[in-house]
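Okay, so here's the structure we're looking at.
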Amino acid sequence: MKILVTGGLGYIGSHTCVELLENGNDVVVLDNLSNSKIEVKDNIYAITGKMIQFYQGDMLDKDVIEDIFKQHKIDAVIHFAGLKAVGESVKEPLLYYRNNLDSTLNLLEVMRKYDCKNLVFSSSATVYGNQESPRYVETMERKTPSSPYGKTKAMIEDILEDIYASDPAWKIFILRYFNPIGAHEKGLIGEDPNGIPNNLMPYILKVASNELECLTIFGRDYDTPDGTCIRDYIHVVDLAKAHVKALEKSFAVSPNVYTYNLGSGKGVSVSEIVTTFERVNGVKLNYQYGPRRSGDLPKMFADATKAFAELNWKAEKTIEDMCRDAWNFKLGQK
Ligand code: NAD
Ligand code: UDP
């Protein structure tokens with residue numbers, strides 16, 4: 001199959017390109033490099049021995065997308081491209097609404113024109129908003145996400161539902177990621193944001209490598225066993241494999257909108273991540289406790305049974321693997 005991967009040089013996209021290539025697909029990538037580096041293309045080749053076809057371009061320009069569909073018979077699209085920094089989205093909502101919504105609308109219009117109606121979309125656990133129970137299930141009614149970023153994901157989910165309702169030829173897979181961390185075991189691709197990271201693992205990596213002085217653990221007075229927040233961390237390679245499963249299923253099932261949580265199903269605290277990172281990597285992390293971060297939920301994790309039942313997918317890798325592989329990638333960057 002020939003698959004268009006938007007945002008394919010980014011963190012999750014690059015790992016998914018590896019899995020797609022290793023499963024015999026042809027991969028075309030469109031990315032504007034706003035949050036990724038061109039070297040990733042060669043690193044994907046170094047891992048797989050196979051080339052992606054890369055187009056540098058912005059999805060806000062519909063012609064850029066259309067040119068790809070003119071040149072290639074695309075069988076399905078995995079749509080990762082988007083801006084994803086929660087805090088930035090609060091400061092720059094228009095940037096987020098424009099980029100994430102328009103890029104998706106352009107893509108959908110071109111897909112419709114070229115009769116390509118198999119789509120896998122990167123959504124997020126953030127679309128659930130604040131639920132009563134910490135175990136998030138696909139059947140829960142969504143509550144309003146706390147950030148403009150999260151709202152773009154919820155809006156796109158609604159758009160996809162409407163498109164299917166208007167034209168039931170679409171096969172749409174909405175994948176709601178929990179907390180992806182880790183890196184490919186070869187250490188050639190991973191997550192390496194510029195500047196001061198917002199997310200836990202990239203911050204830990206910069207503290208471990210002495211680029212930042214000290215990790216602040218946000219809150220130790222939550223109602224959790226060690227007082228720190230609980231999340232569902234998932235190895236990015238497991239996450240990437242789920243995309244291949246979704247894609248394969250999209251060629252086998254009847255048209256519909258299928259929504260899946262992608263998480264391990266287990267909650268892990270911030271303190272557990274810190275101590276596991278120290279233990280498996282033999283590195284001492286400088287950290288302190290600080291106040292709660294505004295907007296953080298105390299505890300959330302996925303009910304991942306639907307993905308197992310319908311995609312035959314479950315997270316295989318451990319927190320130890322995530323911490324080791326993330327650090328291995330970081331060491332290769334230095
Ligand atoms: P990323 O920033 O590493 O990758 C996104 C890629 O999209 C980047 O390479 C960027 O250059 C590209 N891009 C952005 N806007 C574009 C545009 N207008 N045209 C072309 N390319 C564009 O992010 P990621 O962590 O790999 O996330 C991928 C997707 O998964 C995003 O949609 C994100 O919102 C979603 N997601 C990520 C997480 C997470 O924790 N990483 C969690 C839930 C959902
Ligand atoms: N966190 C932290 N210090 C940091 C960054 C994050 O204590 O510098 C905590 C945060 O409060 C949350 C968890 O780590 O409980 C995961 O945060 P992240 O931003 O990685 O993902 P989120 O769950 O917010 O999407």
Side-chain angles (χ1 to χ4, degrees), residues 5-17 29-38 40 55-61 64-65 78-87 89 95-96 98-104 106-107 120-127 146-147 149-150 152-153 156 175-181 189-194 196-204 206-207 212 214-220 222 224 228-234 236 239-240 243 262-263 267-274 287-301:
V5 182
T6 75
L9 292 195
Y11 173 46
I12 305 170
S14 57
H15 289 82
T16 303
C17 286
V29 166
L30 171 60
D31 199 305
N32 66 1
L33 302 181
S34 60
N35 198 36
S36 51
K37 299 189 178 81
I38 189 67
V40 172
Y55 293 82
Q56 182 174 350
D58 198 318
M59 295 184 72
L60 296 182
D61 181 350
V64 165
I65 306 173
I78 307 184
H79 180 35
F80 292 105
L83 298 174
K84 63 163 182 175
V86 172
S89 79
L95 177 68
Y96 273 67
R98 173 68 73 198
N99 190 74
N100 292 2
L101 298 180
D102 272 5
S103 59
T104 306
N106 285 342
L107 174 67
V120 179
F121 172 62
S122 299
S123 189
S124 163
T126 190
V127 300
S146 56
S147 70
Y149 162 71
T152 67
K153 294 293 179 193
I156 294 169
L175 304 183
R176 294 178 177 162
Y177 312 156
F178 281 67
N179 287 57
I181 58 171
I189 53 175
E191 187 176 26
D192 188 21
N194 293 328
I196 299 178
N198 297 302
N199 298 109
L200 181 61
M201 186 53 80
Y203 206 105
I204 287 177
K206 291 214 174 187
V207 173
L212 291 171
C214 182
L215 169 73
T216 300
I217 295 180
F218 299 137
R220 68 185 309 190
Y222 286 101
T224 59
T228 66
C229 282
I230 288 182
R231 292 287 179 276
D232 184 335
Y233 295 93
I234 171 163
V236 66
L239 190 66
H243 290 75
L262 296 181
V268 174
S269 76
V270 179
S271 285
E272 285 175 285
I273 294 284
V274 168
Y287 68 89
Q288 62 184 8
Y289 291 97
R292 293 180 176 197
R293 183 171 70 176
S294 149
D296 272 347
L297 300 177
K299 185 172 178 180
M300 62 189 287
F301 54 93

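Counting starts at 1 for both ligands and their atoms, in listed order. Every heavy atom of this structure was used, including side-chain atoms; hydrogens, water molecules and symmetry mates were not.
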Problem set entry | Under-4.0 Å heavy-atom contact with ligand 1, by part of Asn179 that carries it | neither
Exercise. Are any of the heavy atoms in Ser123 under 4.0 Å away from ligand 1?
Worked result: yes
Problem set entry | Any Lys153 heavy atom less than 4.0 Å from ligand 1 | yes
Exercise. Which is closest to atom 21 (O) of ligand 2 by heavy-atom distance: Ile230, Asn179, Val86, Thr224?
Worked result: Asn179
For this session: Looking only at distances, please establish whether an N/O atom of ligand 2 is found under 3.5 Å from an N/O atom of Ile217.
Result: no
Problem set entry | For Tyr149, atoms of ligand 1 separated by under 4.0 Å from a heavy atom | 33 (C), 34 (O), 35 (C), 36 (N), 43 (C), 44 (C)
Exercise. Would you say ligand 2 has an N or O under 3.5 Å from any N or O of Asp296?
Worked result: yes
For this session: List in chain and number order the residues that pass side chain to side chain contact (heavy atoms under 4.5 Å, CB included) with Pro193, two or more places apart in sequence or in another chain; answer none if no residue qualifies.
Result: Glu191, Pro197, Pro202
Exercise. Is the shortest N/O to N/O distance between Ala81 and ligand 1 below 3.5 Å?
Worked result: no
Exercise. For Gly57, is the nearest heavy atom under 4.0 Å from an atom of ligand 1?
Worked result: yes
For this session: Looking only at distances, please establish whether an N/O atom of ligand 2 is found under 3.5 Å from an N/O atom of Leu200.
Result: yes
For this session: Go through the structure and list residues passing side chain to side chain donor-acceptor pair (under 3.5 Å) with Lys153, not counting sequence neighbours.
Result: none
